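Each remark here refers to the structure printed beneath this line.
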Amino acid sequence: MEKSHDKVWDSCLNIIRDNVSTQSFKTWFEPIKALKLASSVLTIQVPSQFFYEWLEEHYITLLKKTIKKELGSEGKLEYSIIMENAFSSNTKPYTVKIPTSNRRDAKNPAVNMPLDLNTKTIRNPFIIPGLKKVSVESQLNVNYSFENLVEGDCNRLARSAGWAVADKPGGTAFNPLLIYGGVGLGKTHLAHAIGLQIKYKHPGKTVLYVSSEKFTHQFIDAIKNNNQNDFIHFYQMIDVLIIDDVQFFAGKDKTQDVFFHIFNHLHQTGKQIVLTSDKPPVEMQGMEQRLLSRFKWGLSADLQIPGLETRIAILEKKLYIDGIELPREVVEYLAYSITTNIRELEGAYISLLAQASLNKKAITLDLAKQMIDKFVKNTAREVSIDYIQKVVCDYFDLPIELLKSKTRKREVVQARQIAMYFAKSMTKSSLATIGMHCGGKDHATVLHACRTVNNLMDTDKRFRAYIEELEKKLSIQ
Ligand code: ADP
Ligand code: MG
């Protein structure tokens with residue numbers, strides 16, 4: 001007889017506890033609930049897609065080992081993520097199952113929903129053999145909608161091209177639409193948003209989102225099972241094919257070959273193709289020339305790192321979606337401190353919520369500072385000149401534009417000198433860089449500012465108190 005899922009998960013937790021820090025354990029393992037255990041498959045419920053991705057990214061090896069230890073070599077783990085379906089009136093949450101131990105196995109679907117394709121004659125590679133009528137539609141994550149994708153300078157072109165494509169799939173010059181950009185900048189989100197919008201506006205169209213990794217594994221399976229033709233035909237029936245992270249095709253000649261044929265067929269029959277990649281076509285290596293030249297047929301649009309305002313807007317959007325209120329200063333602090341990409345920003349935000357709720361603490365600026373200190377990589381941890389300027393301006397109740405201007409009004413000059421002083425002592429920026437940020441001054445002016453502040457601190461008690469108070473506001477910890 002099989003053990004109960006609770007017991008098994010408890011034993012797993014005991015092993016995990018010994019292998020991760022207390023903080024990580026609290027944040028990432030305590031919120032997990034074991035749901036069921038059947039045929040050596042343990043299903044665990046995780047609170048969000050992000051949570052799932054975090055586990056897969058950081059703890060996959062540990063989880064695998066633990067499961068095998070508890071359930072034997074046959075042991076597997078499935079995740080259940082609660083999601084809401086924005087486009088159906090049926091608000092019942094549905095479940096996403098993503099097997100851990102063979103996540104790449106094409107036979108395992110990601111989202112179980114009925115497919116409106118006629119799949120009687122052609123084997124659908126998303127169907128799990130043995131389970132009747134379980135097939136996959138679209139594979140789209142409803143949270144990744146256009147509505148949830150904040151617009152900024154960083155994504156304006158890509159976003160509007162995506163919107164145009166969604167309006168008239170296959171009917172614009174943007175075919176294929178290739179979205180490229182660094183990690184965590186919203187490629188996958190935009191790709192889903194386009195798919196969701198097409199399903200909304202053109203319910204009759206068959207939309208399919210697939211990662212190039214999954215596509216590759218499905219193809220390998222098709223070769224193994226000798227049903228390559230079914231594989232090709234399945235993909236040739238799709239009206240809107242969205243392939244994420246095509247750079248993964250690099251060096252995989254056979255996959256590129258089959259994709260080339262599918263691409264041609266779809267393109268010739270006026271079907272829409274949307275691709276994402278971590279680099280522009282000119283920089284893609286290991287990709288056949290004929291594919292690269294096709295990638296350039298339509299539009300390549302890039303995603304950039306969002307500026308501060310967009311980062312704040314993204315956080316505010318998240319708060320709104322999650323129905324959470326955070327002090328404005330916390331939102332700003334997160335947005336100021338985490339400049340690398342949106343995924344990291346979200347990660348910090350979620351860790352902060354998790355910590356606050358697990359430790360039953362209010363989310364304050366202090367907690368945010370402590371958390372950033374622990375979670376964010378060293379490079380992103382340094383206080384930025386922008387942040388210093390903002391804190392100083394808030395403190396003296398000055399508009400930041402004045403501080404950045406060339407004005408020589410006394411109160412502005414002093415605030416500017418103080419900002420320079422902190423920029424010098426708290427960041428690694430050069431004197432020239434600091435000067436440039438503070439009204440286009442040269443390095444000598446910055447040096448002079450630092451001396452002036454030091455002198456005043458020695459001679460003027462009140463001034464010293466200002467500086468100490470500001471220092472507290474700025475310091476991490
Ligand atoms: P990529 O595929 O480029 O690595 P993702 O699409 O996975 O990046 O984005 C990382 C996270 O950032 C996702 O959770 C996504 O929802 C969020 N995100 C990215 N861009 C935006 C945006 N403009 N507005 C709101 N959230 C965004
Ligand atoms: Mg992605």
Side-chain angles (χ1 to χ4, degrees), residues 46-58 81 83-84 86 96 98 103-104 110 139-163 166 177-197 209-216 242-250 274-280 300-322 324 331 334-335 338-354 375-376 380:
V46 297
S48 69
Q49 174 74 16
F50 174 79
F51 207 102
Y52 150 72
E53 284 183 5
W54 189 274
L55 289 174
E56 285 280 290
E57 233 176 283
H58 296 88
I81 307 167
M83 294 170 128
E84 272 176 38
V96 178
I98 303 140
R103 189 181 165 208
R104 290 169 180 174
Q139 306 264 323
L140 293 166
N141 178 343
V142 293
N143 295 316
Y144 285 169
S145 61
F146 266 113
E147 208 195 333
N148 292 348
L149 186 79
V150 172
E151 181 174 347
D153 290 339
C154 56
N155 62 17
R156 191 156 288 124
L157 173 69
R159 200 177 183 283
S160 54
W163 188 260
L177 172 62
L178 174 73
I179 303 155
Y180 68 91
V183 54
L185 294 182
K187 300 181 294 293
T188 299
H189 188 141
L190 180 54
H192 280 267
I194 296 169
L196 289 168
Q197 183 66 11
Y209 166 92
V210 65
S211 69
S212 42
E213 208 174 342
K214 186 170 214 159
F215 180 92
T216 304
I242 305 168
I243 303 209
D244 205 358
D245 289 320
V246 286
Q247 76 275 1
F248 185 80
F249 287 157
V274 177
L275 308 169
T276 80
S277 160
D278 67 352
K279 28 181 126 41
S300 302
D302 66 330
L303 294 176
Q304 300 277 348
I305 295 179
L308 175 66
E309 293 73 17
T310 312
R311 297 202 296 277
I312 292 180
I314 288 171
L315 277 178
E316 279 175 344
K317 183 98 209 175
K318 286 235 76 156
L319 290 168
Y320 176 76
I321 293 169
D322 297 348
I324 287 168
V331 174
L334 287 176
I338 298 166
T339 55
T340 41
N341 67 57
I342 303 164
R343 192 178 319 207
E344 289 218 358
L345 188 63
E346 279 189 0
Y349 157 78
I350 287 168
S351 303
L352 182 61
L353 295 189
F375 278 80
V376 179

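Being a predicted model, the structure only gives us computed values, none of them experimental. Both ligands and their constituent atoms are indexed starting at 1 by order of listing.
Looking only at protein heavy atoms, the nearest one to atom 25 (C) of ligand 1 is N148 O, 3.2 Å. Looking at atom 6 (O) of ligand 1, its nearest protein heavy atom turns out to be H189 N, 2.8 Å. Of the protein's non-hydrogen atoms, T188 OG1, 2.7 Å is the one closest to atom 2 (O) of ligand 1. For atom 23 (N) of ligand 1, the closest heavy atom belonging to the protein is V150 O, 2.8 Å. Here the protein heavy atom with the shortest distance to atom 18 (N) of ligand 1 is I342 CG2, 3.4 Å. For atom 1 (P) of ligand 1, the nearest protein heavy atom (residue, atom name, distance) is R343 NH2, 3.4 Å.
In this structure, V210 and D244 have side chains that are not in contact, with every pair of non-hydrogen atoms separated by 4.5 Å or more. Looking at heavy atoms from C-beta onward, L303 lies in side-chain contact with I179 at the 4.5 angstrom threshold.
The Mg ion (ligand 2) has an N, O or S atom of T188 closer than 2.8 Å.
Under a cut-off of 6.0 angstrom, the local environment of CD in E147 is sparse, with at most 12 non-hydrogen atoms contributed by other residues, nucleotides or ligands.
Between F249 and F215, the gap from one ring centroid to the other is short of 6.0 Å.
Taking a cut-off of under 4.0 Å to the non-hydrogen atoms of K187, the atoms of ligand 1 that pass are 1 (P), 2 (O), 3 (O), 4 (O), 6 (O), 8 (O). Atoms of ligand 1 found under 4.0 Å from any heavy atom of Y144, numbered from 1 in the order shown, are 13 (C), 14 (O), 16 (O).
Looking at N141, its side chain does come within 3.5 Å of a backbone N or O of N143 through a donor-acceptor pair. Using modelled atom types, one side-chain atom of T216 and one backbone atom of S212 make a donor-acceptor pair closer than 3.5 Å.
Residue contacts with ligand 1: G184 is placed with a nitrogen or oxygen under 3.5 Å of a nitrogen or oxygen of the ligand (distance criterion only). Between V183 and ligand 1, no pair of N/O atoms sits closer than 3.5 Å.
For atom 19 (C) of ligand 1, the choice among A158, G181, G182, G186 with the nearest heavy atom turns out to be G186.
A distance of 11.5 Å separates CG in L185 from CG in L190, rounded to the nearest 0.5 Å. Between the CZ atom in R311 and the CG atom in N341 there is a gap of 10.5 Å [rounded to 0.5 Å].
A perpendicular orientation is assigned to the rings of H192 and Y144, their planes being inclined by more than 60° (bins at 30° and 60°).
Only side-chain heavy atoms of E346 come within less than 4.0 Å of ligand 1; its backbone N, CA, C and O stay farther off. Under 4.0 Å from ligand 1, the heavy atoms of I314 that appear belong solely to its side chain. Contacts between N155 and ligand 1 below 4.0 angstrom, taking non-hydrogen atoms only, involve the side chain exclusively.
For Y349 and D322, the side-chain atoms include at least one donor-acceptor pair closer than 3.5 Å.
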